[in-house]
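Heads up: the structure comes next, in structure tokens.
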Amino acid sequence: MTELKNLHVEKRETTLVITISREKALNALNKETVAELQQVFDSHQDDDSIRAVVITGAGPKAFVAGADIAEMSALDAAGGTELSAGGLALTMTIQTFPKPVIAAINGFALGGGCELAMACDIRLASEKARLGQPEVNLGVIPGYGGTQRLSRLVGRGKAMQLVLTGEMIDAAEAHRIGLVDEVFPPEQLIDKALEMAKVIATKGPLAVAAAKGCINRGLDVDLSAGCDIEKNAFGGLFDTSDQTEGMKAFMEKRKAEFTGK
Ligand code: DAK
């Protein structure tokens, strides 16, 4: 892996912890940071030693305060489209990544930061987190899938309210509307995210990947097509050693030793 200027990447047992580290700009996503995130996900796509990813922001104040406004301010339409393409590709990579990705939202998650968190599979937030889609304040709209993923998470009315007013909400409200899944005191957030990643790491990795894919793909199709996706994925798992091992271990009253095969 080439040197990363904007990320700190650390392997903690089977969890890859990615910390976005541009603290002076509240971890705003410039093009280089988006490219580095893409590179980290691409290079771990087939890494069997990684069972989950945790993404967080450096410092006590921000997860990610959005796309980098200073960088964006100079863009023309072609540059804006290129920026959007990079961010959209990254969010799609995270959504289809074969291992679960947990966002540990330690502070502001605004604009592209909220969109990055929404592309993750599970969102855990600090009590100090504040979330929102403030793009209308800047004369633009969410460009990293925000208009699409927010409405899928919180419903049309709340998504409209957040995107059209540009107002921030606190962690408690984000939890109430389903934008974040759990809220913790700031000092517990990372440990809780790592704990959750560790629990997932004990499960069959192929089953975890299949379940993630079914939930995500199913949300984009009608119920019966979604159930077909599930049926095929369920059936496919019966060709794996992990299924044999999981069921054998249950009958032998021992813990399963999954190999991801
Ligand atoms: N970009 C660049 N720098 C940022 C930043 C950002 N998003 N947010 C904060 N900073 C910088 C500030 O400029 C300041 O830098 P210095 O002045 O110290 O050099 C430093 O971080 C500390 O920020 P503040 O001094 O403002 O700190 P406060 O505690 O007073 O306020 C705040 C914190 C988060 C409320 C405030 O910084 C703020 O409102 N930040 C901007 C939040 C925001 O609007 N985020 C959304 C960005 S727009 C698209 C693709 C993508 C997108 C849209 C379209 N297409 C191509 C179609 C996505 C857009 C966005 O994400």
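Fair warning: this is a prediction, and the values are worked out from it, not measured in the lab. Every number for a ligand or one of its atoms is a count from 1 in the order of the listing. Positions are given from 1 along the sequence.
- Side-chain contact between N27 and F63 is absent, with no heavy-atom pair separated by less than 4.5 Å.
- A heavy-atom distance below 4.5 Å is found between the side chains of K158 and E173.
- Annotation: K248, atom NZ; neighbour count of heavy atoms from other residues, nucleotides and ligands within 6.0 Å does not exceed 12.
- Applying the 6.0 Å contact sphere to CZ of F184 captures more than 12 heavy atoms from other residues, nucleotides or ligands.
- Few gaps surround CD on E187; more than 12 heavy atoms of other groups in view lie less than 6.0 Å from it.
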Output block, N or O contacts of ligand 1, threshold 3.5 Å exclusive:
unit_1	atom_1	unit_2	atom_2	d
ligand 1	1 (N)	I69	N	2.9
ligand 1	7 (N)	A65	O	3.1
ligand 1	7 (N)	A67	O	3.0
ligand 1	21 (O)	K24	O	3.3
ligand 1	27 (O)	K61	NZ	3.4
ligand 1	29 (O)	K61	NZ	2.6
ligand 1	45 (N)	A65	O	2.8
ligand 1	61 (O)	A67	N	2.7
ligand 1	61 (O)	G112	N	2.8

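- In the model, D42 has a side-chain atom that pairs as donor or acceptor with a side-chain atom of Q38 under 3.5 Å.
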